[in-house]
Amino acid sequence: MDFEKLAQWLFPDVTLTPEDMEKRYPERQLPQGAIVSRMAPSPTGFVHLGNLVQGLTSERLCHQSGGVLFLRIEDTDSKREIPGAVKILIEALDHYGIRFDEGAGIEGDIGDYGPYTQSLRKDIYHVYAKYLTQKGMAYPCFCTEEDLENMRKEQEAAHENFGYYGKYAVWRDRSLEDIRRELDAGHPFVLRFRSTGNPENKHKFTDLVKGEIVLTENEMDQVLLKSDGIPTYHFAHAVDDHLMRTTLVVRGDEWLPSLPFHVQLFQSLGFKLPKYAHIGPLMKMDGESKRKLSKRKDPELALTFYESEGFPVSAVYEYILGILNSNYEDWRRANPDADPSGFAFSYKKLNPAGSLFDYDKLLNVSKNVISRMTADQVFDELLDYTKAYDPDLFASLTADPDYAKAILSIGRGGKKPRKDLATWKEAKPYMSFFYDAMFERSDPYPETISQETVKKVLTAYLTMYQASDDQTVWFDKIKALSESFGFATDMKAYKENPQDYPGSVADISGLIRVALTGRQSSPDMYAVMQILGQDRVRARLQNAVDALG
Ligand code: GLU
């Protein structure tokens with residue numbers, strides 16, 4: 001068969017050759033060991049935790065090695081694409097500190113290996129499509145949808161593998177005349193790969209995450225170009241990763257079954273195979289068993305979820321690092337204040353079966369992260385969050401930043417900082433009592449004390465309280481108040497003979513706490529009262545007394 005002629009028929013306008021492409025996209029000049037990797041998402045508008053896992057893995061491995069990370073937009077499946085998706089994607093990743101050195105950007109491409117959007121690379125793919133046709137490694141297939149459907153039925157009935165191979169590959173060895181006739185009739189065709197693989201042959205392959213695996217040779221004549229001339233993912237990624245000089249492909253393990261075909265394609269095209277790291281899906285516990293996180297069932301799969309729940313970016317980042325590399329937690333304990341970029345991320349630690357996502361653990365990590373922040377940091381992050389999600393709290397925070405920062409300073413600093421907040425969403429219930437507009441007495445007074453006594457205690461305390469008292473004087477007054485009502489101040493004595501007292505100093509503090517904060521538990525009362533200040537404390541005590549009738 002005259003493949004040259006066939007190639008000319010199919011790609012009359014293609015004049016460039018693979019050599020021209022090699023010249024246009026030369027090898028990168030990078031230091032030894034520098035990794036070139038990429039994110040190659042499809043612009044569907046839905047950015048999920050898996051994207052972050054994949055992006056973070058590529059980003060860490062690449063930047064740790066002094067290499068290059070680029071973004072390529074894989075938009076060959078226009079059915080799945082939504083407008084604005086690229087911007088959504090870039091912004092979401094940027095939010096989590098995944099920064100690209102080159103590639104598609106909101107303002108256009110950056111870098112010498114573009115265009116970085118597949119739909120703009122049709123001419124480049126056609127150079128290689130023509131090349132494969134010239135070499136007899138690709139051919140046009142004019143099967144209609146109906147032909148393929150019938151073939152599938154036949155395979156089903158005969159209990160044979162589905163696909164275009166062997167005797168089912170009906171256009172594989174057709175004559176030039178047959179092809180010419182179809183072309184002249186204007187019938188659409190796809191370009192198929194002419195596979196020489198034999199499933200009897202197995203090869204060892206080393207994946208950076210899965211380890212050594214056995215690949216079965218591919219015998220399917222897969223589609224390289226669809227009937228509109230747009231490449232399939234398989235073909236496009238091989239051409240792109242070669243020309244963009246990718247040395248490491250980190251991608252989901254749903255691509256593993258296609259790997260034999262990819263290896264075959266790289267070989268046929270004369271390309272050096274990059275290294276591959278196929279990462280498992282994120283899993284979660286569902287009762288006793290594990291399952292994949294699902295878009296339909298699990299809101300926590302969407303990255304937007306973390307923003308609207310008010311997780312600090314640094315907490316999500318920290319958590320993901322921890323589930324990907326199990327030694328991260330130890331490193332964090334030893335380096336509580338270090339930037340996570342100081343941690344040596346390793347693909348060897350990635351769990352081949354996929355990482356387990358545990359929401360409670362995330363809350364815990366986030367609590368720790370927030371507890372290590374300064375009040376100013378907390379204030380700034382909380383402002384960003386409330387601006388978007390809680391206008392009331394935003395207004396209160398901005399009305400008096402110093403007051404808000406004083407509240408957010410409670411229990412901060414020191415070796416054992418308080419861990420009150422896991423998310424910014426929790427800030428409102430945590431701090432609302434400091435603001436008169438949001439204050440409500442939601443908890444009852446301690447049940448063991450009568451309403452009448454509560455009223456008397458609060459009335460007496462109103463005459464004693466002075467905001468200028470230091471903590472010792474402040475507490476001495478509460479003790480004196482307790483004693484004047486016969487409540488125990490010696491806790492040991494109280495525990496030995498509780499029946500001798502109506503209650504203890506803890507009960508007296510407790511009722512003052514409910515009067516002032518509306519709750520039975522709150523951060524340190526002295527600190528709370530210092531922040532509330534003389535006027536607010538007096539007003540709250542007076543209101544509490546009045547409310548008791
Ligand atoms: N566009 C493919 C996807 O979104 C990319 C896979 C890859 O990274 O090569 O799954």
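We're numbering straight along the sequence, starting at 1. As the structure lists them, so they are numbered: ligands from 1, and atoms in each ligand from 1. Fair warning: this is a prediction, and the values are worked out from it, not measured in the lab.
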Is there a side-chain contact between Arg192 and Trp171, using heavy atoms and a 4.5 Å cut-off?
no

Out of all atoms in ligand 1, which are within 4.0 Å of some heavy atom of Ser42? Include the element for each.
1 (N), 4 (O)

Return yes when Arg38 approaches ligand 1 closer than 4.0 angstrom through a heavy atom, no otherwise.
yes

Tyr113 six-ring face occupied by Arg245 cation (under 6.0 Å, within 45°)
no

Can the ring centroids of Phe261 and Phe193 be said to lie less than 6.0 angstrom from one another?
yes

Would you mind listing which atoms of ligand 1 come within a distance below 4.0 Å of any non-hydrogen atom of Glu74?
1 (N), 2 (C), 5 (C)

Of all heavy-atom pairs linking Met39 and Gly55, the shortest is SD-CA, 3.5 Å

Is it the case that ligand 1 has an N or O less than 3.5 angstrom from some N or O of Tyr233?
yes

Hey, does Trp255 come in under 3.5 Å of ligand 1, counting only N/O atoms on both sides?
yes

Heavy-atom check, side chain of Tyr306 versus side chain of Leu52, under 4.5 Å
no

Short N or O distance, Ala40 and ligand 1, threshold 3.5 Å exclusive:
yes

